[in-house]
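Below is one structure; the comments refer to it alone.
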Amino acid sequence: MLRRILFASVFVPATMFAQVSPASPPATRPAPAQAGVPTDPSAWRIDKTHSELTFQIRHFMSRVRGTFRDWKGTVTLPDVAKWENAAIDVEIQTPSIFTDNERRDADLRSSNFFAADSFPTITFKSMRIERTGDAAKIFGDLTIRGVTKPVVLDGRYLGLQNNANGSQRLGFEATTTVNRLDYGVKWNRAVEGGGVMLGDDVKIEIAIEAVRQAARS
């Protein structure tokens with residue numbers, strides 16, 4: 001079983017957001033399949049049961065960690081040997097945010113943070129990948145609350161496995177940090193003695209295992 005990746009954004013509360021990169025030159029990417037639904041041999045479906053998308057943000061002196069329970073995606077990859085040509089598409093259902101605290105999760109879904117009723121999805125689309133050995137810089141667009149910003153993820157290709165049933169699995173992992181204020185997630189509260197309750201930077205980590213099914217005769 002492979003380890004994990006991204007891509008991702010993924011990702012969050014007063015969260016999900018990544019290191020905004022300077023505008024990058026236009027790049028060519030393979031035409032993506034519909035997120036989560038492979039339609040040709042170059043489309044790899046992200047296996048969510050063996051993948052992970054998490055975020056963390058400062059809360060006072062500690063950290064709050066969370067995830068999204070409902071998300072999907074594809075990796076469009078015509079040639080595994082040239083994985084730097086992959087196109088990664090991820091779609092997250094905003095209302096599925098989960099930090100193991102029902103009251104906090106309800107607040108994160110509200111207009112104070114993600115406004116999930118008005119903006120039900122968070123998306124990431126890669127634009128290009130710069131490869132150095134197994135390491136990579138993944139350039140893409142992250143959209144949160146209807147705001148799209150360029151981000152850069154530090155990623156790593158984890159390898160390829162051929163299964164006995166003829167299917168193949170590949171793994172990636174990636175991480176980035178975004179500023180939530182860039183996406184209009186601005187709620188905060190001053191605390192006695194100075195400072196504020198929440199940090200602005202949100203660290204996002206994604207580990208992906210993607211599957212290409214055996215070709216049917």
Side-chain angles (χ1 to χ4, degrees), residues 2-12 16-48 50-55 68 71-92 121-144 147-162 167-179 182-183 202-213:
L2 284 173
R3 296 167 51 202
R4 343 147 136 178
I5 102 167
L6 145 165
F7 71 108
S9 330
V10 222
F11 6 59
V12 202
M16 289 219 57
F17 319 83
Q19 171 185 333
V20 176
S21 70
S24 30
T28 302
R29 73 196 293 267
Q34 180 184 354
V37 184
T39 59
D40 64 67
S42 68
W44 300 65
R45 175 183 53 83
I46 294 176
D47 179 1
K48 193 167 71 73
H50 297 101
S51 300
E52 193 173 65
L53 193 163
T54 63
F55 62 83
F68 291 89
W71 60 285
K72 62 183 179 180
T74 56
V75 179
T76 304
L77 180 56
D79 183 353
V80 175
K82 298 179 180 179
W83 55 262
E84 66 273 18
N85 295 326
I88 301 164
D89 291 84
V90 174
E91 180 179 281
I92 300 168
T121 61
I122 295 169
T123 62
F124 173 81
K125 294 181 179 294
S126 69
M127 294 294 131
R128 77 179 194 276
I129 298 174
E130 293 182 358
R131 175 180 178 177
T132 305
D134 286 339
K137 294 281 188 183
I138 303 168
F139 297 79
D141 288 339
L142 176 63
T143 301
I144 299 171
V147 177
T148 300
K149 296 284 185 180
V151 297
V152 183
L153 297 97
D154 292 312
R156 179 165 294 275
Y157 174 65
L158 301 176
L160 174 73
Q161 179 172 319
N162 296 307
S167 66
Q168 292 179 304
R169 290 179 178 266
L170 58 80
F172 284 92
E173 63 185 7
T175 183
T176 191
T177 299
V178 298
N179 187 319
D182 292 337
Y183 297 89
V202 179
K203 183 178 181 180
I204 300 164
E205 296 178 302
I206 183 167
I208 288 176
E209 188 171 303
V211 182
R212 178 166 66 181
Q213 299 299 329

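Throughout, numbering of the chain's residues begins at 1 and tracks the sequence.
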- Task: Report the residues that fulfil side-chain hydrogen bond (donor to acceptor under 3.5 Å, both in side chains) with T148, sequence neighbours left out, ordered by chain and then residue number.
- Result: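 Expected list: T143.
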
- For N162, what residues pass the side-chain hydrogen bond (donor to acceptor under 3.5 Å, both in side chains) criterion, not counting sequence neighbours?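 Checked N162 against side-chain hydrogen bond (donor to acceptor under 3.5 Å, both in side chains); matches are Q168.
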
Inter-residue atom distance [X].[atom1] - [Y].[atom2], 0.5 Å rounding:
X    : Y    : atom1 : atom2 : answer
W71  : I122 : CH2   : CD1   : 12.5 Å
E209 : H50  : CD    : NE2   : 6.0 Å
L158 : D134 : CG    : CG    : 8.5 Å
M127 : F139 : CE    : CZ    : 12.5 Å
K137 : T176 : NZ    : OG1   : 9.0 Å
I46  : I206 : CD1   : CD1   : 6.0 Å

- Message: Just to verify, what does V80 make a side chain to side chain contact (heavy atoms under 4.5 Å, CB included) with, not counting sequence neighbours?
- Response: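 Partners of V80 by the side chain to side chain contact (heavy atoms under 4.5 Å, CB included) criterion, ordered by chain and then number, come out as W44, L77, Y157, L160, R212.
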
- Task: Quickly, which of T123, V90, V151 forms a side-chain contact (heavy atoms from CB on, under 4.5 Å) with L142? Name it, please.
- Result: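 Single side-chain contact (heavy atoms from CB on, under 4.5 Å) partner of L142 among T123, V90, V151: V151.
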
What pair of heavy atoms forms the shortest contact from [X] to [Y], and how long is it?
X    : Y    : answer
W83  : G133 : CZ2-O, 3.3 Å
I138 : G155 : CD1-CA, 4.4 Å
V75  : A86  : CG1-CB, 3.9 Å
K82  : R131 : CA-NH1, 4.2 Å

- Got a sec, which residues hit salt bridge (Lys or Arg N to Asp or Glu O under 4.0 Å) with D47, two or more places apart in sequence or on another chain?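 D47 satisfies salt bridge (Lys or Arg N to Asp or Glu O under 4.0 Å) with R169 only.
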
- Message: Check this for me, if you would: do K149 and D141 make a salt bridge, where the nitrogen-to-carboxylate-oxygen distance has to be below 4.0 angstrom?
- Response: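 Between D141 and K149 there is no salt bridge, as every charged N stays at least 4.0 Å from the carboxylate O atoms.
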
- Query: Do any N or O atoms from the side chain of T76 and from the backbone of A43 form a donor-acceptor pair under 3.5 angstrom?
  - Reply: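 Checked: no pair found.
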
